[in-house]
Amino acid sequence: MGEFFAMGGYAFFVWMAYGMAALLIVLEIVAVCAHRKRALHLVRHSDVHGSGTVNAGAQLKEAE
Amino acid sequence: MSGFKYAAPAQFYPLAGKMALWFGVSAAVLAVIGLVIGLYIAPIDVTQKDSYRIIFIHVPAAWMSMFLYVVMAFWGAIALGMNTRLSAMMAQSIAPTGALMTAIALWTGALWGKPTWGTYWAWDARMTSELILLFLYLGIIALRNAIDDPRRADKACSVLALVGVVNVPIIYMSVNWWNTLHQGATIKAGNSSIDDIMLAGLLFMVFAFWFYSVAVTLVRLRTIMLEREVGAAWVARLPEVKEER
Amino acid sequence: MLEIQDLAARRGYVMLFSQVSFKVEAGEALIITGANGTGKTTLLRMLAGLSHPLSGKILWQGRETRAFDPVLRNNIMFVGHAPALKDELTAEENLALLVKLAGEEVALGALREALQEVALGARLTVPARVLSQGQRRRIGLARLALVPRPLWVLDEPVTALDPAGIALLTGMMAAHLSKGGAVIAATHQALDLPTGAMRQLSFQ
Amino acid sequence: MTTNSSPVFPVRTAMEPGDGVFTAFFWALRRDLRLALRSRAELGVQILFYIIVVALFPLSMSPDKELLMLLGPGVLWVAALLASLLSLPRLFASDYADGTLEQMALSPLPLPALILGKISAHWLTTGLPVVVLAPLLSIQYWLEPEVIWVLMAGLLIGTPVLSLLGAIGAALTLGLRSGGGSLLALLILPLYIPVLIFGAGAVEAVRGGMGADANFSLLAAGLLLALAGAPFATSAAVRISLD
């Protein structure tokens with residue numbers, strides 16, 4: 001197994017490349033999950049909670 | 001809501017969840033196969049010995065970085081043309097993954113360059129263009145963060161992506177011109193004849209990266225939908241929102 | 001002349017207004033009131049074609065229009081909060097530019113006359129920078145007089161106008177209505193227009 | 001419907017796309033030039049900036065003839081890029097603030113033509129001075145006479161492209177509070193790179209005996225592409241910013 005990791009003497013370059021790529025991908029996955037958790041938290045606790053309909057905002061009424 | 005049935009975020013949200021799962025799992029499987037081939041089975045390259053194995057990460061990442069930019073510009077164009085919110089959100093969720101792929105391509109390219117050309121940064125035409133592509137991605141992400149109103153941010157980023165996608169080939173061509181003018185044609189890095197095993201490894205890795213990008217983009221898309229439709233009724237009815245974790 | 005069907009608007013994540021529908025015909029003035037921040041300005045900017053509504057339709061003579069639709073740009077005069085003047089230029093130069101921008105050809109004499117009417121006669125050659133807010137609004141009034149457009153969309157037109165200015169504005173509006181034009185204005189000031197022609201809508 | 005559109009108001013049929021282009025272009029060009037001349041001090045500052053940046057490089061390196069001859073074209077081009085970049089916010093900012101941009105967007109005259117007029121005025125007040133000053137500043141860099149002409153020609157074709165592309169960025173970043181110019185620089189500098197490569201490369205090509213016609217034709221092609229596309233992209237961006 002040893003010589004597999006040695007990569008013919010280029011271990012540093014090969015594993016630094018693969019290692020950083022793996023690290024960046026893992027970081028992105030972690031970031032996306034954290035983002036999702038924040039969003040869910042926002043939705044659950046926001047006061048704009050959908051009471052059946054999107055809060056309608058102001059209406060324009062005819063006033064004399 | 002104009003557009004086809006799935007244009008409405010409410011219907012697309014659950015579908016995107018399933019697709020993300022499928023693409024994620026298949027990406028993992030493809031990556032494992034690709035890595036086994038690339039790192040273990042593929043023979044040593046006659047000139048570069050083992051350092052060439054970095055291409056199994058570098059090439060897919062480089063292709064994805066360009067492909068994702070074009071896809072982002074495509075969804076941006078649809079968002080501008082048909083004024084549909086979903087395609088704008090799709091364009092927004094692609095940008096970070098595209099930037100990540102560019103960063104991976106640059107990092108692995110530098111580590112591949114050191115044993116091959118003796119230096120991490122040799123102003124190689126492709127690498128320089130990749131660096132400029134990273135600036136384009138970061139520009140779009142910076143513009144996105146600078147604008148508070150989501151709808152204006154969507155449209156502005158779509159316009160910038162379209163202007164960018166027109167310029168990407170021009171930049172690549174001009175950097176190539178500049179590179180050959182100064183260094184002459186650099187030795188074609190990488191072996192000339194790619195035999196079948198290497199090609200297989202490469203293809204597996206390309207699909208792995210592609211499916212990974214789709215999965216991550218869809219997950220980020222669902223999150224953006226939640227943020228954008230905070231008050232919407234369909235959000236309130238979602239299972240993950242209801243149960244109080 | 002202009003018909004609004006079920007208009008809705010959102011700013012960021014907050015819903016400003018929804019289900020807004022009304023119609024404006026020739027000879028009618030529609031006064032829109034409501035607290036600050038209820039979306040009056042947003043509504044007027046949508047009518048003028050400056051911004052896209054979240055949903056709903058805006059019809060000109062029965063034909064649906066999009067934002068920046070040429071039909072709206074040719075038939076509506078929009079006066080926003082800012083009086084659209086360049087500080088470095090004089091009242092006369094500013095007015096000439098604005099009138100030409102609206103696609104109208106007006107001789108210098110007529111320009112000066114219009115400025116006389118809004119009591120800016122003496123201020124022709126002085127940079128707009130030194131004019132007071134009220135005087136700058138009066139240049140806007142002169143523009144209203146010189147550019148014939150069927151529909152006026154005015155956002156808080158009375159701000160910074162002194163009583164004489166307000167009288168001038170209401171006089172011009174009355175004349176405009178009698179000529180078969182229409183006005184949509186957002187204002188809190190009671191305007192004494194011929195009651196028959198005036199309707200009021202307010203945001204609640 | 002009682003009176004359709006009343007007789008008193010001339011029925012303005014919506015203009016066909018073609019007409020009004022020249023009136024719009026010259027309206028904006030004359031107006032912006034008059035505004036620029038009214039605030040001459042500001043113009044002076046732009047040009048001084050270009051001169052100062054060009055003078056910095058010899059100070060940061062050495063007055064050695066060979067070195068400066070080699071670097072000269074590149075320095076002059078980068079300085080031209082920065083000068084164009086710094087003057088871009090001025091293109092729309094004041095009109096956006098005082099409401100004139102709103103009236104331009106609402107005018108029956110075509111917005112892209114109005115914007116092209118503004119961009120041309122911007123080029124005349126920032127791009128052209130750079131071209132005119134190039135020979136004067138080339139002396140600081142010992143540039144040989146025949147190369148100065150190539151540099152000026154490159155700048156003459158290239159600087160309008162900088163204004164055209166820059167206008168898109170200026171319109172996109174209208175009214176944004178974030179670091180003013182830095183966001184604009186991040187958005188636009190990558191797009192400037194081809195112009196920089198072919199412009200500065202023209203001098204290299206001439207020095208290498210290859211002649212610069214290829215560079216000039218590519219720069220001219222870039223100019224045509226920018227002329228065809230940038231006004232429309234900019235007016236879309238302006239409309240988005242006004243929304």
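We name chains A, B, ... by the order of the sequence lines, and we start the count at 1 in each one.
- By number of non-hydrogen pairs under 4.5 angstrom with chain D, the leading residue of V168(B), D149(B), N167(B) is N167(B).
- Atom CZ of F49(D) sits in a crowded spot, with more than 12 heavy atoms from other residues, nucleotides or ligands closer than 6.0 Å.
- In this structure, chain B has no heavy atom under 4.5 Å from any part of L189(D).
- Among all heavy-atom pairs drawn from L187(D) and G139(B), the shortest one is CD2-O, 3.2 Å.
- Heavy atoms of V175(B) lying under 4.5 Å from chain D belong to its backbone as well as its side chain.
- Other residues, nucleotides and ligands contribute at most 12 non-hydrogen atoms within 6.0 Å of the CH2 atom of W149(D).
- In plain terms, the two heavy atoms of I171(B) and P194(D) that are nearest each other are CG1-CG, 3.8 Å.
- A pairwise comparison of heavy atoms in I132(B) and P190(D) identifies CG2-CB, 4.0 Å as the closest pair.
- In terms of heavy-atom proximity, A233(D) sits nearest to V159(B) at O-CG1, 4.3 Å.
- Here the CD1 atom belonging to I197(D) is positioned 9.5 Å from the CE atom belonging to M173(B), to the nearest 0.5 angstrom.
- Annotation for A142(B) and L186(D): closest pair CB-CD2, 3.7 Å, computed over non-hydrogen atoms.
- L174(D) approaches R152(B) most closely through the heavy-atom pair O-NH2, 2.8 Å.
- The CD1 atom of I193(D) sits 10.0 Å away from the CH2 atom of W178(B) when rounded to the nearest 0.5 Å.
- With a 4.5 angstrom heavy-atom cutoff, L80(B) touches chain D only via side-chain atoms.
- Note: L218(D) CG to I170(B) CD1 = 10.0 Å, rounded to the nearest 0.5 Å.
- In this structure, the portions of I240(D) lying under 4.5 Å from any heavy atom of chain B include both its backbone and its side chain.
- Distance check, rounded to the nearest 0.5 Å: CH2 of W177(B) to CG of N215(D) gives 5.5 Å.
- Annotation: W63(B), atom CH2; neighbour count of heavy atoms from other residues, nucleotides and ligands within 6.0 Å does not exceed 12.
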